[in-house]
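Whatever order the structure lists ligands and atoms in, that order sets their numbers, starting from 1.
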Amino acid sequence: MSAQPAQGQAGSGTEPPADPNVDLIIVGAGFAGLYMLHRARGLGLRARVFEAGDGVGGTWYWNRYPGARCDVESLEYSYQFSDDLQQQWHWTERFAPQAEILKYANHVADRFDLRRDIAFETRVTQAHFDEASARWQVRTDRGDALSSQFVVMATGCLSSTNLPRFPGLEDFQGERYHTGEWPHQPVDFTGKRVAVIGTGSSAIQSIPIIARQAASLTVFQRTANFSIPAYNAPLDPAHEAAIKAEYPAFRARNSQMMAGFGSSLPRNEAPALAATPEERRRRFDERWNRGGLGFTGAFNDLMISREANDLAAEYVRERIRAIVEDPATAELLAPRQVIGCKRICVDSGYYETFNLPHVKLVDISAGGIEAITATGVKAGGQEHPVDCIVFATGFDAMTGSLLKIDIRGRDGLALREAWSAGPRTYLGLNVAGFPNLFTVSGPGSPSVLTNMIVSIEQHVNWIADCIAWLRAGGRRTIEAEPQAQDAWVGHVNAVAGGTLFPTCNSWYLGANVPGKTRVFMPLLGFPAYVQRCEEVVARGYEGFRTAA
Ligand code: N01
């Protein structure tokens with residue numbers, strides 16, 4: 001859409017690689033790609049990174065929409081591989097804004113001298129496994145043709161934007177934006193009539209800020225979402241000092257949490273259904289007043305019992321009704337699905353925004369968006385004239401970026417074909433039939449249900465250690481056994497099936513993209529997953545086959 005070159009943060013390594021034969025090709029220079037390159041260098045590998053953007057940062061490079069900030073606290077949403085780095089970097093807010101996270105990614109790239117091995121503004125278009133040489137033949141949209149022993153797909157889980165094919169989309173004469181491909185210069189909505197389509201995290205963060213500028217704001221909502229206040233604030237220096245005084249221990253405690261973060265307020269291991277109404281209220285108030293993603297940790301049965309979940313959902317609905325003055329709007333904003341089934345949003349003044357006289361909510365749950373016209377958005381038989389449309393319509397999550405690349409493994413098998421009935425991996429790290437190709441935070445791993453940076457570091461460490469082990473043992477290739485993969489896919493589904501997660505139309509299931517196969521893609525539970533990865537290694541890479 002309207003992305004323009006970054007100012008002052010562009011990379012420098014766009015020239016083609018001198019040597020087309022490398023040990024490792026890394027696709028993507030977000031947090032996964034940067035750390036993978038750092039580890040690869042430590043192993044003495046000749047590694048090359050390809051990145052579509054003109055700078056590092058991945059999701060934080062692309063998602064520059066107003067209000068974009070992380071929903072995991074900044075002292076946790078950061079690398080831990082370098083103690084000097086985590087001690088010296090200073091975050092300014094409880095929840096870091098996008099610009100600061102991007103600055104951090106750039107700092108890491110400079111501090112570890114990573115740019116010289118990154119080719120920016122270059123997309124990998126093709127990766128084919130050549131059986132004879134047991135190497136990957138990789139091509140880019142700039143005409144590069146390389147050969148590599150290993151490929152790591154550090155392509156991100158939420159990097160392929162979803163822009164539904166609304167009828168008339170191309171007819172619109174005004175400005176249009178997608179939150180996931182935001183221009184690099186701030187967009188000024190002052191005096192404009194703005195439409196926002198979608199009410200997920202990106203919309204919920206941007207709507208209060210757009211409303212401050214716009215002459216009018218019309219929000220088109222297909223499904224209401226649960227949002228908990230962020231209570232974002234400048235980072236308390238005493239809190240920062242306390243964490244930094246014991247950073248490794250703090251990280252270790254977080255690694256034992258289901259989602260790899262949040263040890264300062266762990267889940268209450270008691271069921272809501274056994275609690276008195278007063279106790280329930282106290283626990284929900286405690287979480288609401290603290291703000292952030294920990295709300296569903298108020299009790300241990302909220303994601304397994306519909307009855308317990310209803311109690312939490314009703315608590316939030318009551319909060320929404322207390323904030324939103326117009327009862328009809330409040331009812332529309334009160335979500336009906338299981339709370340936590342779609343990722344909970346974290347906001348700064350979202351519900352309050354609907355009390356402003358120039359902000360209107362349009363319910364499109366029945367008929368959807370009928371059309372985009374030259375001058376506006378048509379829904380419910382009515383045209384809403386606007387000057388700008390913001391598509392906050394999310395991503396083709398977890399598989400979108402991988403399947404855009406023509407990836408072919410043994411016997412020319414296309415990944416698209418291998419995944420025609422939904423993604424299948426072993427440990428979310430490798431796909432049977434695709435030797436030496438690794439996915440960082442791939443489907444079948446905890447990824448999006450965790451603190452992403454923690455999951456990324458765990459995956460990158462596992463992959464780097466695996467490559468070191470292969471080389472030390474004179475092994476050329478490693479790939480998942482089909483039976484191990486089948487068992488793993490069964491395990492991921494069984495874990496999800498024991499919870500309420502698959503009960504609504506979430507992007508975890510691929511339900512937001514028309515035609516996408518519905519499979520619950522991430523695995524619940526970070527600590528058990530890490531333990532399993534370590535057991536696999538301890539048993540000589542159990543479930544993988546290797547060849548010399
Ligand atoms: O995308 P979404 P997002 N017609 O898929 C609607 C992370 N993130 O970019 O719910 C009309 O959540 C869709 O409606 P429905 C975070 O993990 C993190 O907001 O499918 N509407 C929905 O309302 C998050 O979960 C942060 O019925 C259509 C919206 O568009 C993930 O990214 C910030 C439509 C899409 O919501 C994705 O968030 C931002 C159609 N055809 C994002 N198609 C933080 O760290 C879709 N929609 C805080």
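When the heavy atoms of Ala96, Gly67, Cys345, Ser201 are ranked by distance to atom 24 (C) of ligand 1, first place goes to Ser201. Among Arg222, Gln98, Gln205, the residue whose heavy atom lies nearest to atom 21 (N) of ligand 1 is Arg222. When Pro514, Ser202, Ala392 are checked for heavy-atom proximity to atom 38 (O) of ligand 1, Ser202 turns out nearest.
At least one N/O-N/O distance between Lys342 and ligand 1 falls below 3.5 Å. The shortest N/O to N/O separation between Trp60 and ligand 1 does not fall below 3.5 Å. Here's the thing with Asn505: none of its N/O atoms is less than 3.5 angstrom from an N/O atom of ligand 1. At under 3.5 Å, a nitrogen or oxygen of Thr199, whether backbone or side chain, sits near a nitrogen or oxygen of ligand 1.
Proximity of the aromatic rings of Tyr315 and Phe295 is defined here by a centroid distance below 6.0 angstrom, and this criterion is met. Aromatic pair Phe284/Phe299: centroids less than 6.0 angstrom apart.
In terms of protein heavy-atom proximity, atom 44 (C) of ligand 1 is closest to Arg69 O, 3.4 Å. Tyr65 OH, 3.1 Å is the protein heavy atom nearest to atom 33 (C) of ligand 1. Of all protein heavy atoms, the one closest to atom 6 (C) of ligand 1 is Gly198 CA, 3.7 Å. Counting only heavy atoms of the protein, atom 5 (O) of ligand 1 lies nearest to Trp507 CD1, 3.5 Å. The protein atom (non-hydrogen) at minimum distance from atom 36 (O) of ligand 1 is Gly200 CA, 3.5 Å.
No hydrogens or angles considered: nothing links the side chains of Arg336 and Ser365 as a donor-acceptor pair under 3.5 Å.
Arg64 forms a cation-pi arrangement with Tyr61, by the criterion of a distance under 6.0 Å to the ring centre and an angle within 45° of the ring axis.
Heavy atoms of Val346 found under 4.0 angstrom from ligand 1: none, in either backbone or side chain. Counting heavy atoms under 4.0 Å from ligand 1, residue Tyr508 does not touch it at all. Contacts between Asp71 and ligand 1 below 4.0 angstrom, taking non-hydrogen atoms only, involve backbone and side chain alike. The part of Phe166 lying near ligand 1 is the side chain, judged by heavy-atom distances below 4.0 Å.
Salt-bridge check for Arg321 with Glu331: passed, with a basic side-chain N closer than 4.0 Å to an acidic carboxylate O.
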*Would Arg69 and Ser74 count as a side chain to side chain donor-acceptor pair (under 3.5 Å) if you check the C-alpha gap in whole Å, the side-chain angles of each, and the deciding distance to 0.1 Å?*
CA-CA 10 Å; Arg69 70 176 65 246; Ser74 47; over 6 Å; no
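By the neighbour-count criterion of 12 heavy atoms within 6.0 Å, atom NZ of Lys378 is sparsely surrounded, having that number or fewer from other residues, nucleotides or ligands. Within 6.0 Å of CZ in Arg123 there are 12 or fewer heavy atoms belonging to other residues, nucleotides or ligands.
When all heavy atoms are compared, the tightest approach of Ser206 to Tyr65 is CB-CD1, 3.8 Å.
Classified by interplanar angle (parallel below 30°, tilted 30° to 60°, perpendicular above 60°), the ring pair His38/Phe81 is tilted.
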